[in-house]
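Here's the structure, in structure tokens; my notes come after.
Numbering of ligands and ligand atoms starts at 1, following listing order. Note that the coordinates shown come from a computational prediction; the quantities given were computed from them, not determined experimentally.
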Amino acid sequence: MRKKKIAAVAAVCAAVAVLAAVIIADSLSSRTHRIDFSAMNTVVSLDIEGFRSQSAVTRISETVSRLDLVMLSRTAHGSEIYKLNSSDKPVVLSEQLTEYLATLKQLEKDSGGAFCISLGALSDLWDLGNGGYLPSQSEIDSALETKDGFSVNGNTASVADGAAVDFGSVGKGIACDSAKKILADAGCKRAIVAVGGSVLLWSKGEESFKIGIRNPLGSANEYAAVLETGDCCVSTSGNYERVFTAQDGKRYHHIFDPSTGYPARSGLQSVTVICESGLMSDALSTACFVLGYEKSLPLLEKYGASAVFITDGNEFITSPSFDGKLTVTDSRFSGGAVK
Ligand code: AMP
Ligand code: MG
């Protein structure tokens, strides 16, 4: 009898221990960590849920900051891009940068030159980071000549005097890709990593996410539509970033048409590109903004991407490949195929 009693108590204790383990595991897996910090000249927001989310937050924030300082920044003296732009001799690139540049040079060709990784001198001329400057035609012509002053051959690249490589159109997407690698190893459950206009939506299962598409008629935290999609990278390029009104009364923005040297006017206020790779979603959003709706479609198809366009006429248009759900939330806008 006494033996039976001891066995019963032991069974209850074991059950309580198992229950406690389940409760502890659950509380770990539902733990969420959020931080905002500055890197790549923008705000980076991490929202990570699940086991080891705290260490994933720490590793991602360190990695994104390092990526900028060690590789992509145009102004940090130790970065690879800074050294490349300031060298008067050919430079041997890291394996990673060689890979990025091969991909981006291919995109330059595929986009018919709408995307250009060596527009740094033109961006500097317009000086949009410091309030803006309306250049003369001859200044624009000279800056445009420099875009051909960059060449890359395998892992060796040269930048001619006056020319500059500029990763401003792709760095944020690259940061999303590096976050994705960390999340895959970390054991987290779900994450949203926003690096300026590029956002990584990541989950261990097949989760669904809802994010806002910035309202071109509103301020930075207002949205005009809600996009519902599964795991992917989403990048938006819009004519509301880095804008200035010049003495001629016109507004100028930061995405340049390499065929004119002026801010692109392709009938769009913004393009949001959705695909697996952060690098590609970011590069394509810039390219598609320059190309406009019609000319973007073959490019999106080639890269297995889809897009949501907002036209100058406040209309939402999705590419035929778009298979998410889009709900327009501002009545000033029309369209937006709801699937
Ligand atoms: P995003 O906001 O991703 O479209 O990137 C815009 C940034 O990319 C600008 O601030 C410039 O630094 C750079 N940029 C501007 N025009 C182009 C272009 N046609 N191709 C590649 N980079 C560009
Ligand atoms: Mg971009």
Ser136 versus Glu139, side-chain donor and acceptor atoms under 3.5 Å: yes

Can I get a per-line list of side-chain donor-acceptor pairs under 3.5 Å for residues 155-162, giving both atom names and the distance, sequence neighbours left out?
none

Hydrophobic cluster partners of Leu122 (side-chain heavy atoms under 4.5 Å): Leu119, Leu125, Trp126, Leu128, Tyr133, Leu134, Ile140, Leu144, Phe244, Tyr252, Phe256, Tyr262

Between [X] and [Y] (salt bridge meaning N to carboxylate O under 4.0 Å), is one present in this structure?
X      : Y      : result
Glu108 : Lys105 : yes
Lys172 : Asp282 : no
Asp124 : Arg74  : yes

Donor-acceptor under 3.5 Å (Lys180 side chain, Trp202 main chain): no

Neighbour count above 12 (heavy atom, 6.0 Å) for Glu276 CD: no

List of N/O pairs, ligand 1 versus protein, all under 3.5 Å?
unit_1	atom_1	unit_2	atom_2	d
ligand 1	3 (O)	Ser169	O	3.4
ligand 1	3 (O)	Asp282	OD1	3.0
ligand 1	3 (O)	Thr286	OG1	3.1
ligand 1	4 (O)	Ser237	OG	2.6
ligand 1	4 (O)	Thr286	OG1	2.7
ligand 1	8 (O)	Ser169	N	3.3
ligand 1	10 (O)	His254	ND1	3.1
ligand 1	12 (O)	Asp166	OD2	2.6
ligand 1	16 (N)	Phe256	N	3.0
ligand 1	19 (N)	Ala114	O	3.0
ligand 1	19 (N)	Phe256	O	2.8
ligand 1	20 (N)	Cys116	N	3.0
ligand 1	20 (N)	Cys116	O	3.3
ligand 1	22 (N)	Ser169	OG	3.4

Proximal protein heteroatoms (N, O or S) of the Mg ion (ligand 2), under 2.8 Å: Ser169 O, Asp282 O, Asp282 OD1, Thr286 OG1

Flag side-chain contact, heavy atom, 4.5 Å: Tyr303 against Ser277: no

